[in-house]
Amino acid sequence: MDTPLSTIAVVGLGTMGTGIAEVLARAGHEVIGIDISDAAARQAVAALEASTARAVRRERITEEERSDVLARFRTFADLRAAAEAELVIEVVPESYEIKQQVFRELDAIVSPTAIVATGTNALSVTRLAAESLRPERVLGLHFFNPAPAMKLVEVVSSVLTAPPAVEAVTALARSLGKEPVAVGDRPGFVADGLLFGYLNQAAAMYEANYASREDIDAAMKLGCGLPMGPLALLDLIGVDTARTVLEAMYSESHDRLHAPAPVLRQLSEAGLTGRKSGRGFYTYEASGSQTVMPDALTPQDDRSAVAGRTVRSVGVAGSGTMASGIAEVFAKAGYDVVLAARGQEKADTAKGRIAKSLERSVTKGRLTAEARDGALARITAAGSLDAFADVDLAVEAVAEDLAVKQQLFGTLDKVCKPGAVLATTTSSLPVVAIARATSRPQDVIGMHFFNPAPAMKLVEVVRTVLTADDVHATVREVCAKVRKHPVDCGDRAGFIVNALLFPYLNNAIKMVEEHYATLDDIDAAMKLGGGYPMGPFELLDVVGLDVSLAIEKVLHSEFRDPGLAPAPLLEHLVAAGCLGRKTGRGFREHARR
C-alpha cells in the first residue's frame with residue numbers, strides 16, 4: 001500500500017489528541033478517535049469542523065476536501081474500536097497507572113503487527129513497553145502543542161523497540177510534514193528535558209523575589225529572542241503539567257535543577273494552573289483566555305518615585321565591539337559622548353567602527369545621512385580617562401576581569417566629578433566588588449547591555465545593596481531615552497538572562513557527552529519544539545566557548561549547585577582552542593572570515 005500506516009487510532013481526545021487527529025486526517029489517514037468522555041469526543045469533532053472551515057475560508061482547501069477530512073475522522077468511546085488500526089497513539093493523562101491500563105487492554109485488541117505509541121513527554125517509554133506483550137512494537141511519538149502547527153516530533157526508542165517500528169513512524173512523521181528527531185528514553189527527551197529545567201529555574205528565580213515576573217519574561221524575550229517569557233509559558237503549558245513533568249524528570253535524574261520549585265506546588269494545589277484556570281503566575285480575563293489582566297502584582301506607575309540625576313554627557317570606557325555599540329546608542333539618542341580607550345589610536349579605531357555601523361544604517365534606510373553626521377559629531381574619541389572629567393554618566397565596557405574593572409573604577413573615582421553615575425556593563429562579575437574600588441559605591445550600578453548594543457533592546461539594571469535610589473532612577477530614565485527596555489535585578493551571578501540561559505546550554509552539552517542525541521538533533525529540537533531562534537550549539541559557537549565556560553564557572557562558584565558544574569566537553573574544547581566561530585571551530589567547523 002502507498003501508506004504503510006493507513007488507519008491510525010488516537011486514544012485520548014484532549015487538546016493534544018485532537019490536534020494529532022487533525023494532522024493525520026488532513027494527511028489522508030483514516031483516524032479512529034477514542035475517548036471515554038462523550039463531551040471530549042464531541043469537542044474534538046467540533047474543533048476539526050472549525051479548523052477545516054477556516055481552511056476553506058482561507059482557500060487552503062476546497063469544500064470537497066473538507067468533507068473528505070471530516071469523513072476520515074470517526075469517534076468512539078470503547079477502546080475496542082482500535083482493533084483495525086495499524087498504529088495506535090495514546091495521549092491520555094500523564095499517569096503510569098492510566099497509561100499502563102490502556103496498554104494492557106490494547107494487547108488483547110490490536111493486531112500483533114500493530115505499533116503502539118505513547119505520546120508521553122515525561123514518563124519512561126521502557127517502563128510502559130514492559131507492560132505490553134509486544135514491547136518491540138512500543139515506542140514514543142511525542143508531538144508538540146499545537147500539533148497542527150509545530151513541526152517537531154520526537155521519536156523515542158526504548159532498549160526493547162524494534163528498528164522497523166521506528167522506521168515506520170519516522171516515515172509517517174515525515175509524510176505529515178513534520179521533522180522527526182530520534183531520541184532515547186529519558187525523562188523529558190530532548191526538547192522538554194532542556195526546556196523544563198529552564199522553566200523551573202525561572203520559577204525559582206521569581207519565588208526568591210529576585211526579579212518581577214514581568215522583568216524575568218521581558219529579559220528572556222528581549223535578551224534571547226524567545227517568543228514567550230518562561231513564566232508566561234508555564235501558564236500556557238499549565239503549572240500542574242509542568243510540575244508533573246519536573247517530578248518525573250527529578251525522580252530519574254535526581255538533579256536539583258529538576259526538583260520542582262515550591263511555587264509550582266503551591267500554585268497547583270491552589271488550582272492556579274495558568275491560562276486554563278484563569279490565573280497562574282499572571283491573572284487572565286477568563287479561564288482559557290490569553291488576555292492578561294492587571295492584578296496586585298502588576299507594576300504601578302509610581303508618580304512619587306525618586307527623581308533621577310540630570311545626564312547630558314556620557315563617557316564610554318573601552319574600544320571593543322560592546323564599547324563602540326554603547327557609544328553609538330547614546331550618540332544616536334542625542335547625548336554628547338566621550339569614547340575613551342587606552343591610547344588615541346585605539347579610540348580613533350573604535351570611532352571608525354561606529355562610523356561604519358552608522359553608514360550601514362543609512363544604506364539600509366534605517367537612518368538619515370543627517371542623523372548619521374549628527375551622531376558621529378557628538379562622539380569625541382579620547383586616549384585617556386581624564387576626558388571623563390565632566391561626564392554625568394560613565395559606562396565601563398572593558399574586559400570581563402574583576403581586577404581590570406576595579407582598577408578602572410579606581411581611576412574613574414578620581415577623574416569623574418562628584419555626582420556622576422558610574423556604571424559597569426559586566427555580565428557575570430559582582431557589581432558591589434567593583435563599586436567598593438571607589439570611595440562612592442552609592443554612585444555605582446550595573447548596566448548590562450547585550451551585543452550588538454545598537455540592535456538589542458534589553459538592559460539589565462543591577463542594583464547593589466549600596467546603590468542610591470536616585471542612581472537607580474537615573475539609569476532607568478536614561479534607558480528610556482535611548483529606547484532600551486530596562487529590567488531590574490539584584491547583584492548576583494548571571495543576573496537574569498545568563499543565570500537562566502547558561503545552565504540550559506550546559507545541559508545540552510551534557511546530552512551530547514552522554515551520546516543521547518546529536519548536535520543537529522538537539523539544535524533542531526529546540527528551534528522547532530521550543531521556538532528558539534538558534535539551537536544551543538549554534539548559540540554556543542556564536543557566543544564563544546571560552547566566554548560560555550567563564551560564565552558557567554561563575555554560576556557554579558556562586559550557587560554551588562553540582563548541576564551547574566561546567567560540562568567536561570566544554571572544558572576540553574576550550575583547552576584545545578576550539579572556541580567557536582571566532583577560531584573557525586567550536587562544536588562545529590566554521591569558515592574563517
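Counting begins at 1 with the first residue of the sequence. Everything quoted here is computed from the prediction, not taken from an experiment.
Checking side-chain atoms of Thr363 against main-chain N and O of Glu359 turns up a donor-acceptor pair under 3.5 Å. Remark: the backbone N or O of Val183 is not paired with any side-chain donor or acceptor of Glu154 at under 3.5 angstrom. No donor-acceptor distance shorter than 3.5 angstrom exists from the side chain of Arg243 to the backbone of Leu264, with no hydrogens or angles considered. In this structure, Lys332 contributes its side chain and Leu358 its backbone to no donor-acceptor pair below 3.5 Å. Of the possible donor and acceptor atoms, none in the side chain of Asp546 sits under 3.5 Å from a partner among the backbone N and O of Val574. Proximity of a side-chain donor or acceptor of Lys481 to a complementary backbone N or O of Ala333 within less than 3.5 Å is not detected. Counting only distance, with no hydrogens or angles, the side chain of Glu179 and the backbone of Lys151 share no donor-acceptor pair below 3.5 Å. At least one donor-acceptor pair closer than 3.5 Å links the side chain of Lys484 to the backbone N or O of Met456. In this structure, the side chain of Arg256 does not engage the main chain of Pro562 through any donor-acceptor pair within 3.5 Å. Between the side chain of Tyr504 and the main chain of Leu194, no donor-acceptor pair closer than 3.5 Å is present.
Scanning both residues, Arg440 and Lys417, for their nearest heavy atoms gives NH1-O, 2.9 Å. Taking each heavy atom of Ala565 and His556 in turn, the nearest pair found is N-CD2, 3.6 Å. Residues Gly563 and Leu257 approach most closely at O-CD1, 3.8 Å, considering heavy atoms. Considering all non-hydrogen atoms of both residues, Tyr198 and Pro230 come closest at OH-CD, 3.3 Å. The minimum heavy-atom distance linking Ala525 with Leu152 is given by the pair O-CD2, 3.4 Å. Here the closest heavy-atom approach between residue Val263 and residue Glu207 is recorded as N-OE2, 3.1 Å.
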Kindly determine whether Phe537 and Ile509 satisfy side chain to side chain contact (heavy atoms under 4.5 Å, CB included), including the steps that lead there. CA-CA 8 Å; Phe537 296 101; Ile509 300 170; 3.9 Å; yes
Assess whether side chain to side chain contact (heavy atoms under 4.5 Å, CB included) is satisfied between Val444 and Thr438, documenting all intermediate values. CA-CA 9 Å; Val444 179; Thr438 75; 4.0 Å; yes
Report the C-alpha distance between Ser212 and Leu297 in whole Å, list the side-chain angles of each, state the deciding distance to 0.1 Å, and finish with yes or no for side chain to side chain contact (heavy atoms under 4.5 Å, CB included). CA-CA 9 Å; Ser212 71; Leu297 298 177; over 6 Å; no
Please evaluate residues Leu231 and Met220 with respect to the criterion side chain to side chain contact (heavy atoms under 4.5 Å, CB included), reporting the C-alpha separation (whole Å), side-chain torsions for both, the decisive distance (0.1 Å), and the verdict. CA-CA 10 Å; Leu231 302 180; Met220 298 313 292; over 6 Å; no
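Interatomic distance, NE2 of His590 versus OG1 of Thr583, reported as 8.0 Å (0.5 Å rounding). Taken from CG in Leu339 to OG in Ser319, the straight-line distance is 8.0 Å, to the nearest 0.5 Å. With values rounded to the nearest 0.5 angstrom, Thr283 atom OG1 is found 9.0 Å from Met293 atom CE. Leu539 CG to Asp523 CG: the interatomic distance, rounded to the nearest 0.5 Å, is 9.0 Å. For the atom pair CD of Glu538 and CD1 of Ile522, the computed distance is 12.0 Å after rounding to the nearest 0.5 Å. To the nearest 0.5 Å, atoms CG (Asp401) and CD (Gln406) are separated by 9.0 Å.
Taking the charged nitrogens against the carboxylate oxygens, Glu396 and Lys405 do have a contact shorter than 4.0 Å, which makes a salt bridge. Contact check on Lys510 versus Asp255 returns no salt bridge, with no Lys/Arg side-chain nitrogen under 4.0 Å from an Asp/Glu carboxylate oxygen. A salt bridge does not link Arg585 with Asp541: every distance from a Lys NZ or Arg NE/NH1/NH2 to an Asp or Glu carboxylate oxygen is 4.0 Å or more. At a threshold of 4.0 Å, the pair Arg312-Asp336 does not count as salt-bridged, since none of the basic side-chain nitrogens sits closer than that to a carboxylate oxygen.
In this structure the side chain of Val547 reaches within 4.5 angstrom of the side chain of Lys582, judged on heavy atoms. Taking 4.5 Å as the limit, every side-chain heavy atom of Met228 sits out of range of all side-chain heavy atoms of Asp217. Side-chain contact check for Met249 versus Asn200: every heavy-atom pair is 4.5 Å or farther apart. Proximity of Pro430 to Glu558: side-chain heavy atoms (C-beta onward) are nowhere separated by under 4.5 Å. Residues Val314 and Val391 form no side-chain contact, since every pair of their non-hydrogen atoms from C-beta on lies 4.5 Å or further apart. Side-chain contact check for His448 versus Val459: every heavy-atom pair is 4.5 Å or farther apart. When side chains are defined from C-beta on, Val475 does not count as touching Pro486, because their heavy atoms never get closer than 4.5 Å. At least one side-chain heavy atom of Ile237 sits under 4.5 Å from a side-chain heavy atom of Phe196.
If you check the side chains of Asp491 and Thr464, you find no donor sitting under 3.5 Å from an acceptor. Checked by atom type, the side-chain pair Thr298/Arg213 shows a donor-acceptor distance below 3.5 Å.
For Arg353, the CZ atom is densely surrounded, since the number of other residues' heavy atoms within 6.0 Å is greater than 12. Counted within 6.0 Å of CG on Asp390, heavy atoms from surrounding residues, nucleotides or ligands total 12 or fewer; the atom is thus considered open. Counting non-hydrogen atoms of neighbouring residues, nucleotides and ligands closer than 6.0 angstrom, the CD atom of Glu345 reaches no more than 12 such neighbours. In the displayed structure, Gln407 atom CD is contacted under 6.0 Å by at most 12 heavy atoms of other residues, nucleotides or ligands.
Classification of the His254-Tyr250 ring pair by plane angle, with boundaries at 30° and 60°, yields perpendicular.
Applying the side chain to side chain contact (heavy atoms under 4.5 Å, CB included) test between Phe281 and each of Ile216, Val239, Leu233 identifies Val239 as the sole match.
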